[in-house]
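Remarks on the structure that follows.
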Amino acid sequence: MPRLPIQPDQHFSLDATLGCGQVFRWEKEGGWWHGIVGSERIKVRQTSRFLQFSGCSTRTLTDYFQLDLDLESVLSSIRKDPLVEESITRCEGLRIIRQPAWECLASYICATYANIPGIKRKISLLAKIYGQPFVSGQEIYYSFPSADALAVSGLGSDGYACSLGYRSPYLYETARQIAADKGWDDRTRNLPFDEARQNLLRLKGVGPKVADCVLLFAFGRYEAFPVDVWITRIMQKCYGRSDLTSYEKIARVGREYFGHYAGYAQEYLFCNREAIVRRSRNRRGE
DNA sequence: ATCCAGGAGTCAG
DNA sequence: CTGACTCATGGA
């Protein structure tokens with residue numbers, strides 16, 4: 001089985017990276033992580049200095065986990081206060097994954113106002129119904145459904161499939177848009193940040209949160225600062241910014257405060273959210 | 001049972 | 001611009 005060395009000066013934690021809720025098609029079983037990315041079924045485990053893996057190329061794995069990114073310099077740029085400091089310590093080695101763009105976009109449309117176990121369930125169901133089956137080892141897996149596949153699916157008409165609820169017509173509509181727009185991926189990648197964001201916001205089911213997640217997790221725009229209920233709580237109660245009420249205000253302050261890699265700061269804070277919020281509750285005696 | 005979840009669309013002020 | 005309401009579903 002191939003293995004990939006992890007440079008001693010570059011922290012990487014497979015558990016932190018796959019377990020923090022940025023991807024939805026990975027499970028850990030007996031020390032090994034199993035995941036489906038696009039139409040590859042990947043198996044990975046981390047030993048002290050190596051990643052042992054099968055199911056994809058070294059290049060794919062390096063790109064997916066962004067192992068060439070100099071994490072230490074990213075972290076030194078966002079180390080602004082004890083709260084991020086602690087989050088960086090507790091989530092040591094967390095890296096932002098480079099997801100396939102369509103898969104990321106569709107996944108986060110499904111993710112709106114749902115919790116992580118529920119999101120995983122929806123996406124697995126979606127793949128099983130509309131994805132391409134493929135064999136790996138003894139088992140059958142399902143690729144993430146292409147935009148083309150969803151564009152000719154029944155998502156728009158036959159009621160609410162895949163228990164996507166009200167997200168179903170949004171996903172269908174956006175799939176049709178993307179299917180009809182060849183090169184969407186590369187074109188968006190090359191746009192300036194605000195323009196790329198504006199373009200994403202025109203898609204059905206894509207608001208500021210989903211747009212920022214796609215910019216961050218698929219297009220490597222690390223200045224994107226996705227704001228969810230947890231980040232709102234953290235900014236308001238832990239950073240003492242109860243004046244920040246709207247999404248755009250929180251996102252702007254996040255970008256100004258943490259800088260170019262604000263998205264990385266967001267991800268570390270999100271990863272450490274339970275500890276942060278629990279402590280702030282205790283201090284308040286709630 | 002009840003509340004909430006990595007929200008977005010729509011419409012009213 | 002902000003606020004209120006609705007949307008469908010499953011997890012805790």
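Lettering of chains follows the sequences in order, A, B, ..., and the numbering in each one begins at 1. If you're wondering where the values come from, they're calculated on a predicted model, not measured in any experiment.
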When the [atom1] atoms of [M] and [N] are compared, how many Å lie between them, rounded to an integer?
{"N": "C:dT6", "M": "B:dC4", "atom1": "C1'", "value": "16 Å"}
{"N": "C:dA12", "M": "B:dA1", "atom1": "C1'", "value": "12 Å"}
{"N": "C:dC7", "M": "B:dG6", "atom1": "P", "value": "22 Å"}

| message | On DNA chain C, does the nearest nucleotide to A:Thr112 precede the nearest nucleotide to A:Gly118 from the 5' side, or the other way round? Give the residue. | response | A:Thr112

| task | Would you mind telling me which residue lines up with the more 5' stretch of DNA chain C, A:Pro117 or A:Tyr113, judged by nearest nucleotide? | result | A:Tyr113

| message | Check for me whether A:Arg221 meets the cation-pi criterion with A:Phe193, that is, NZ or CZ under 6.0 Å from the six-membered ring centre and within 45 degrees of the ring axis. | response | no

Give [X] one of three labels, base, sugar-phosphate or nothing, depending on what nucleic acid heavy atoms sit under 4.0 Å from its own.
{"X": "A:Gln266", "answer": "base"}
{"X": "A:Glu248", "answer": "nothing"}
{"X": "A:Lys204", "answer": "sugar-phosphate"}
{"X": "A:Cys20", "answer": "base"}
{"X": "A:Arg167", "answer": "base"}
{"X": "A:Val210", "answer": "sugar-phosphate"}

| field | Given C:dT2, B:dA8, B:dG6, the nucleotide with the shortest approach to the side chain of A:Lys249 | value | C:dT2

| Between the side-chain atoms of A:Tyr166 and the base atoms of B:dG7, is any donor-acceptor pair under 3.5 Å? | yes

| said: Check the orientation of A:Phe134 and A:Tyr141. Use parallel for under 30°, tilted for 30 to 60°, and perpendicular for over 60°. | reply: tilted

| message | Is there a side-chain contact between A:Asp70 and A:Gln10 in this structure, where contact means two heavy atoms from C-beta onward sitting under 4.5 Å apart? | response | yes

| said: So A:Phe270 and A:Pro226, do their side chains get closer than 4.5 Å, heavy atoms only? | reply: no

| query | With nearest nucleotides of DNA chain B determined for A:Tyr170 and A:Phe270 from heavy-atom distances, which residue corresponds to the more 5′ nucleotide? | reply | A:Phe270

| remark: Per nearest nucleotide of DNA chain B, the residue lying toward the 5' end, A:Lys209 or A:Gly205, is A:Lys209

| message | Ignoring hydrogens and geometry beyond distance, is a side-chain donor-acceptor pair present between A:Gln266 and A:Arg255 at under 3.5 Å? | response | no

| Quick one: do the A:Arg241 and A:Gln236 side chains pair a donor with an acceptor below 3.5 Å? | no

| field | Phosphate contact (C:dG11 OP1 or OP2) by A:Lys120 side-chain N/O below 4.0 Å | value | no

| request: Please determine if a side-chain N or O atom of A:Arg233 lies less than 4.0 Å away from the OP1 or OP2 oxygen of B:dA5. | output: yes

| task | List in numerical order all residues of residues 94-109 of chain A for which some heavy atom is under 4.0 Å away from an atom belonging to DNA chain C. | result | none

| request: Let me know the distance between CG of A:Asp228 and C1' of B:dG7, rounded to the nearest Å. | output: 10 Å

| request: Verify whether the ring centers belonging to A:Phe217 and A:Tyr108 lie closer than 6.0 Å. | output: yes

| task | Assess the pair A:Tyr64 and A:Phe53: is the distance between their ring centroids shorter than 6.0 Å? | result | no

